2 protein chains.
Amino acid sequence: MVKKPENTKQKILLLGEKLLKEKGINAFSYHDISSSLGVKNAAVHYHFGSKEDLLLAIIEENRKRFEQMIQQMGTAGHMEVWNGLQEFINIYISSIENNRQICLFGSLGSDFFTIGPKGQTSLKLLSEKILAWLSEILTEGRKRGEFEFKGHARIKAMMLCSALAGGLQLARISEKKDFYNLVDQIKSDLKPS
Amino acid sequence: MVKKPENTKQKILLLGEKLLKEKGINAFSYHDISSSLGVKNAAVHYHFGSKEDLLLAIIEENRKRFEQMIQQMGTAGHMEVWNGLQEFINIYISSIENNRQICLFGSLGSDFFTIGPKGQTSLKLLSEKILAWLSEILTEGRKRGEFEFKGHARIKAMMLCSALAGGLQLARISEKKDFYNLVDQIKSDLKPS
DNA sequence: GTCTATATTCCGATAGAC
DNA sequence: GTCTATCGGAATATAGAC
């Protein structure tokens with residue numbers, strides 16, 4: 001769940017994230033943010049000196065949210081793995097239901113060569129955390145016989161993230177329903193036969 | 001295979017496509033194109049009056065290339081389905097080997113709300129053609145027992161496109177090798193057990 | 001913390017000469 | 001078909017008053 005904004009800085013951060021996931025880092029400006037919040041350009045620069053600062057804060061915000069989620073879920077060994085997977089998928093469902101937003105990796109993967117090295121590194125660290133966590137769930141679920149898939153859990157995790165990220169983008173081109181079908185297919189493919 | 005540029009217009013078109021797939025539609029300018037080709041801004045505008053015109057031409061170019069590919073392969077009923085699938089996947093492999101370009105759907109899906117209705121419609125038509133073709137291959141392959149998957153071929157086709165599109169983006173964040181692992185996983189998941 | 005005002009740069013696009 | 005020149009606008013960013 002997204003925190004309710006309490007001050008201008010938090011409002012800027014959340015609106016920046018929204019614009020990042022709706023239009024991309026190169027398609028929104030500080031003026032978009034300031035005018036929408038009823039403040040001036042300079043106020044945004046006061047809180048986030050440069051656009052890169054804002055981007056880094058957005059990535060960090062997503063990292064915190066993810067860490068909080070997995071912390072509340074507990075370790076893979078003590079988790080209902082299907083619930084854990086569904087919680088993860090729910091992040092993407094929330095995105096598509098929220099103005100057809102795409103995910104952080106899809107947005108910044110597409111624009112990867114237009115952001116600075118700090119953003120690239122920060123994004124890479126977050127992706128490693130997410131893939132590691134997802135790999136654990138998959139490994140544990142397969143061990144218990146609740147998931148069934150071939151090959152390495154890590155690669156299967158990459159495939160799930162790729163399909164979900166790409167699915168949000170493809171669903172913009174086609175229709176929202178396609179994303180829900182994709183999610184069902186992903187889950188169906190994981191069910192033991 | 002990409003045609004060899006013969007004149008300025010073709011050079012602009014191919015360079016525009018390259019920039020679109022490397023940096024995104026909102027991160028390159030006519031100046032990037034003109035300076036790289038050793039001409040002036042006005043020359044680019046002569047060939048493509050507006051950026052939207054260039055975008056439409058890029059989408060159209062990709063459509064032609066796809067139509068040509070499937071025309072050369074023949075109908076699904078007379079095709080080696082694994083070869084057909086591999087040909088399709090090779091488009092993505094060429095992309096990642098070509099400066100880690102992402103695919104058209106990934107790039108324009110991410111920027112979908114920043115392009116005009118003409119581009120959106122043109123992109124949608126192309127995606128329908130590709131999904132229809134891929135669905136045919138999958139259906140034929142499953143009928144012959146060469147592919148194995150659950151559910152509707154159309155949804156499985158959406159999943160393949162999503163995974164490949166997202167995979168190119170994720171591989172930018174992690175590493176190229178991950179994309180090849182993803183491709184192996186996709187193919188492995190399709191093999192009859 | 002927010003404002004006005006401004007500096008600077010860049011972008012898409014066009015007019016008119018060659 | 002390409003050039004020079006330029007317009008109008010938008011972008012990031014900063015200085016200094018309040």
Side-chain angles (χ1 to χ4, degrees), chain A residues 3-59 107-108 110-120, chain B residues 4-59 107-108 110-120 122:
Chain A
K3 272 181 273 181
K4 189 173 172 185
E6 290 167 356
N7 52 39
T8 300
K9 182 165 186 173
Q10 185 72 0
K11 284 181 185 171
I12 294 168
L13 183 58
L14 291 180
L15 181 53
E17 181 184 2
K18 170 184 162 73
L19 290 168
L20 176 76
K21 294 178 177 178
E22 287 175 14
K23 306 176 67 179
I25 189 73
N26 298 307
F28 74 88
S29 66
Y30 270 34
H31 178 258
D32 290 333
I33 292 177
S34 61
S35 65
S36 175
L37 295 183
V39 295
K40 297 297 171 183
N41 178 353
V44 183
H45 274 285
Y46 169 78
H47 292 290
F48 300 97
S50 72
K51 212 174 173 184
E52 182 175 32
D53 292 334
L54 176 58
L55 173 62
L56 293 175
I58 292 170
I59 298 172
S107 178
L108 292 175
S110 289
D111 293 339
F112 196 70
F113 299 140
T114 74
I115 64 176
K118 288 181 186 175
Q120 292 180 344
Chain B
K4 188 175 173 183
E6 289 166 358
N7 52 36
T8 300
K9 182 165 187 173
Q10 186 71 0
K11 285 181 185 171
I12 294 168
L13 183 58
L14 291 181
L15 181 52
E17 180 184 3
K18 170 184 161 73
L19 290 168
L20 176 76
K21 293 178 177 177
E22 287 175 12
K23 306 176 66 177
I25 189 72
N26 298 308
F28 74 89
S29 67
Y30 270 34
H31 178 258
D32 291 332
I33 293 177
S34 61
S35 65
S36 175
L37 296 181
V39 296
K40 296 298 171 184
N41 178 339
V44 183
H45 275 285
Y46 170 79
H47 293 288
F48 300 96
S50 71
K51 213 174 172 184
E52 181 174 34
D53 293 333
L54 176 58
L55 173 62
L56 293 176
I58 292 170
I59 297 172
S107 178
L108 291 175
S110 289
D111 293 340
F112 197 69
F113 299 140
T114 74
I115 64 176
K118 288 181 185 173
Q120 292 182 342
S122 179

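Just so it is clear: chains get the letters A, B, ... in the order the sequence lines come, proteins before strands, and each one is counted from 1. Bear in mind that the values here come from a model prediction, so they are computed numbers and not experimental data.
- In this structure, A:Gln10 places its CD atom 16 Å from C1' of C:dG1, rounding to the nearest Å.
- Among residues two or more places apart in sequence or in another chain, the side-chain hydrogen bond (donor to acceptor under 3.5 Å, both in side chains) test is passed with A:Ser36 by none.
- The distance between atom CG of B:Leu54 and atom C1' of C:dG12, rounded to the nearest whole Å, is 12 Å.
- Partners of B:Lys23 under the salt bridge (charged side-chain N to carboxylate O under 4.0 Å, His left out) rule, at least two apart in sequence or in another chain, do not exist in this structure.
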**OP:** Sugar-phosphate means primed atoms, P, OP1 and OP2; the rest is base. With that split, encode nucleotides 12-18 of chain D 5' to 3' as B, S or - using protein heavy atoms under 4.0 Å.
**Re:** BBBB---
Side chains of residues 110-119 of chain A: which donor-acceptor pairs under 3.5 Å do they make with residues two or more places apart or in other chains?
unit_1   : atom_1 : unit_2   : atom_2 : d
A:Ser110 : OG     : A:Gly106 : O      : 3.1
A:Ser110 : OG     : B:Ser110 : OG     : 2.9
A:Ser110 : OG     : B:Gln169 : NE2    : 3.4
A:Thr114 : OG1    : A:Asn26  : ND2    : 2.9
A:Thr114 : OG1    : A:Asp111 : O      : 2.8

Sequence neighbours left out, cut at 3.5 Å: what donor-acceptor pairs do the side chains of residues 40-47 of chain B make with other protein atoms?
unit_1  : atom_1 : unit_2  : atom_2 : d
B:His45 : ND1    : B:Gly49 : O      : 2.9

Original post:
Are A:Leu108 and A:Leu55 close enough, and set up right, to give a side-chain contact (heavy atoms from CB on, under 4.5 Å), and what steps lead you there?
Top reply: CA-CA 10 Å; A:Leu108 292 175; A:Leu55 173 62; 3.8 Å; yes
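- The side chain of B:Thr8 contributes an N or O atom lying less than 4.0 Å from OP1 or OP2 of D:dT2.
- Summarising the geometry, the separation between NZ on A:Lys40 and C1' on C:dT6 is reported as 15 Å, rounded to the nearest angstrom.
- B:Lys51 meets the side-chain hydrogen bond (donor to acceptor under 3.5 Å, both in side chains) test with no other residue; sequence neighbours excluded.
- Atom CG of B:Asn26 and atom P of C:dC10 are 18 Å apart (whole Å).
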